[in-house]
Amino acid sequence: MKLMSRLLGAAAFAALSSTALPAFADGGTLVIASSQVPRHLNGAVQSGIATAVPSTQIFASPIRYDENWEPQPYLAKSWKTSEDGLTVTLNLVDNATFHDGEPITSEDVAYSILTTKENHPFKSMFAPVESIDTPDAHTVVINLSNPHPALLLALSPALAPVLPKHVFDDGQDIKSHPMNSKPVGSGPFMLEEFKAGEAIVLKKNPNFFLDGRPKLDEIIVRIIKDPSALLIAMENGEADMYPFMAGSQEIRRLEKADHLGVTAEGYAAVGPLNWLAFNTASPKLSDVRVRQAIAYAVDRDFITKALHRGVSTPQRGPIIESSPFFDESIPAYDADLDKAKALMAEAGFADGMELTIDFIPGPKEQQQSIAEYMKSQLKKIGIAVTVRAAPDFPTWAGRVGGHDFELTMDIVFNWGDPVIGVHRTYLSDNIRQGVIWSNTQQYANAKVDELLNAAAIESDPAKRKELYAEFQQIVAKDLPVYWINALPYHTAYDKKLMNVPTGIWGTMHPMDMVSWGE
């Protein structure tokens, strides 16, 4: 059955769903509703939800993680770290093949890690990898320049897809490789059809190397850009799962549907932060007192309680507050207009200034609504704000990645370990023209660089926590970013679904055990 025959109208799709989904553990179709539009499906060179959800079904990774943050075997049946922390050896399973039937070897794993290191926007993820040895077809020896406590997490599905070297290593630019949109992987599902902006159809991999998996015959990711239509699809049974749901109205509305469950579990490793970023290279914002004044002018509690109807939680720093590395003593910048005005005067802007604020186009609640609130709030301290809309995400990303902004709303993930998702925003050597979700603030502090580089190689959790605490105190004073809230990600799902992915990566994890129950 071709893709377009699956994209039926509401009534037809609902009728089909009532008869096409078998009420037993194996078989059937899972329809995932999503508003995210992927450029392609290769997670080795593209970050983000839109790519990671299908990529983790198509590609297997060396390691996967359980809900308790414990690494589990996947393509690597075992691994060992040397006493000095400079060598990690992966022992691969011997029965894994790519979707085209070619066996997976150590050469593929080595090629994939080095390709990801070179091309993925998260530069710190594999930065310590100096070389990789492949003494035989099933042994991978990763040589590090320094201990790397985040390495195993970096080798999990959302971050380290194993690519077939014989497909991608052909001299073409991996970032624009045509096979990124029709990839060959080794995961539980194979790409059947990718219709950009509309749907992704994945079918069961009959030769998956884990016996008895996957349970489903098919996964369809339906891309529904209209938020109202997406909710109706969930309510009418046209779609079975809606992950990464962050709108308060959406959450409250789908909680009322009798056939649906709604959970906030499954996002522990994501660490989604919503913040206001400052271009610290701008003459208007280079003075820390202006940035601090803006922070004092904003009421974080009003945003989370009123604008977000209480479904989101305040966020005071660069590390998600649920992380063991979060420093509770970080300055909160509680709303204080008098202090904000005084700081503006100290900085020489008693007569005010003009600023432009950008925001990610899409659902308004976490971005545009806050930008518009900022406009009204900052007027109280003499800052005239122009809210600049972008027609689409690439336009916004081009402005921010190109440092063509003053203020911008942004959503950035912690990605499990600070080395992976936090360092990239604050390290001065990650100021990269044209790269979104790097250090787009152009923030540089030598002490911060020193602390983050030390934490990146510190294997003692207590010592790492001390280093990150000092880092948080410094950036809280410097304020290259004003942190606002953690996104209230939830998953809505049909209650007949079994093994709904609620582990640390949620649906950015192989869904090989998801099935339909009675």
Side-chain angles (χ1 to χ4, degrees), residues 44-48 85-86 113-132 142-151 153-155 159-160 174-175 271 273 275 277-282 285-286 288 291 317-319 325 397-405 408 410 412-459 463-464 466-483:
V45 297
Q46 177 71 45
S47 67
L86 298 180
I113 293 173
L114 294 174
T115 297
T116 303
K117 175 185 176 179
E118 181 66 24
N119 296 281
H120 199 280
F122 301 173
K123 285 298 181 183
S124 58
M125 189 164 64
F126 290 124
V129 176
E130 282 195 328
S131 62
I132 301 178
I142 304 173
N143 302 306
L144 305 170
S145 58
N146 51 252
H148 187 30
L151 180 62
L153 193 68
L155 292 173
L159 300 169
I174 187 69
K175 290 184 178 180
L273 306 188
W275 68 43
F278 302 97
N279 186 343
T280 63
S282 165
L285 297 166
S286 59
V288 67
R291 303 196 295 270
I319 298 178
F325 294 118
R399 290 171 179 170
V400 177
H403 307 155
D404 178 24
F405 75 100
T408 186
D410 202 352
V412 183
F413 295 173
N414 273 194
W415 289 103
D417 192 285
V419 170
I420 301 171
V422 177
H423 290 210
R424 57 188 168 134
T425 300
Y426 307 95
L427 284 171
S428 61
D429 64 4
N430 203 38
I431 299 172
R432 304 166 62 203
Q433 182 78 22
V435 180
I436 191 62
W437 296 316
S438 59
N439 185 348
T440 52
Q441 294 69 239
Q442 303 185 78
Y443 169 67
N445 183 309
K447 185 60 178 179
V448 165
D449 289 345
E450 177 187 331
L451 290 167
L452 292 182
N453 288 329
I457 65 174
E458 179 54 66
S459 56
K463 292 180 180 178
R464 285 189 88 202
E466 291 175 3
L467 292 166
Y468 283 128
E470 188 175 355
F471 150 72
Q472 289 169 83
Q473 292 294 327
I474 293 173
V475 294
K477 179 182 178 181
D478 289 351
L479 276 185
V481 166
Y482 171 68
W483 309 277

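The first residue of the sequence shown is numbered 1, and numbering continues consecutively from there.
Within the 4.5 Å cutoff, side-chain heavy atoms of Asn453 are placed close to those of Leu427. Put simply, the side chain of Leu273 does not reach to within 4.5 Å of the side chain of Val412, judged on heavy atoms. A 4.5 Å side-chain heavy-atom check between Val475 and Tyr443 finds at least one atom pair inside the cut-off. Using a 4.5 Å heavy-atom cutoff, the side chains of Val129 and Leu144 are in contact. Counting heavy atoms from C-beta outward, Phe126 and Leu151 have side chains that approach closer than 4.5 Å. Using a 4.5 Å cut-off on side-chain heavy atoms (C-beta onward), Trp437 and Thr425 make no contact.
Taking Asp404 as the reference, Arg388, Arg399 meet the side-chain contact (heavy atoms from CB on, under 4.5 Å) condition, with sequence neighbours excluded. Taking Ser145 as the reference, Pro128, Glu130 meet the side-chain contact (heavy atoms from CB on, under 4.5 Å) condition, with sequence neighbours excluded. Under the side-chain contact (heavy atoms from CB on, under 4.5 Å) criterion, Glu458 pairs with Asp460, Lys463, Arg464, Leu467, not counting sequence neighbours. Under the salt bridge (charged side-chain N to carboxylate O under 4.0 Å, His left out) criterion, Glu450 pairs with Lys447, sequence neighbours left out. Under the rule for a side-chain contact (heavy atoms from CB on, under 4.5 Å), the partners of Ala456 that lie at least two apart in sequence or sit in another chain are Val419, His423. For Tyr482, there are no side chain to side chain donor-acceptor pair (under 3.5 Å) partners, not counting sequence neighbours.
Nearest heavy-atom pair, His403 versus Asn439, reported as atom, atom and distance to 0.1 Å: NE2-O, 4.3 Å.
Judged by distance alone, with hydrogens and angles left aside, the side-chain atoms of Thr440 form no donor-acceptor pair with the main-chain N or O of Gly401 at under 3.5 Å. No donor-acceptor pair under 3.5 Å is formed between the side chain of Gln441 and the backbone N or O of Asn279. Side chain of Arg291 to backbone of Thr280: no donor-acceptor contact under 3.5 angstrom is found.
In this structure, the separation between CZ on Phe471 and CG on Asn445 is 10.0 Å, given to the nearest 0.5 Å. Taken to the nearest 0.5 Å, the CD atom of Gln442 stands 12.0 Å off from the OG atom of Ser428. Distance check, rounded to the nearest 0.5 Å: CD1 of Ile420 to CG of Leu153 gives 4.5 Å.
A donor-acceptor pair shorter than 3.5 Å cannot be found between the side chains of Ser438 and Asn430.
Relative ring orientation between Trp483 and Tyr426 is described as tilted, the plane-to-plane angle lying within the 30° to 60° band. In this pair, Phe413 and Trp415 present their aromatic rings tilted. The plane angle is within the 30 to 60° band.
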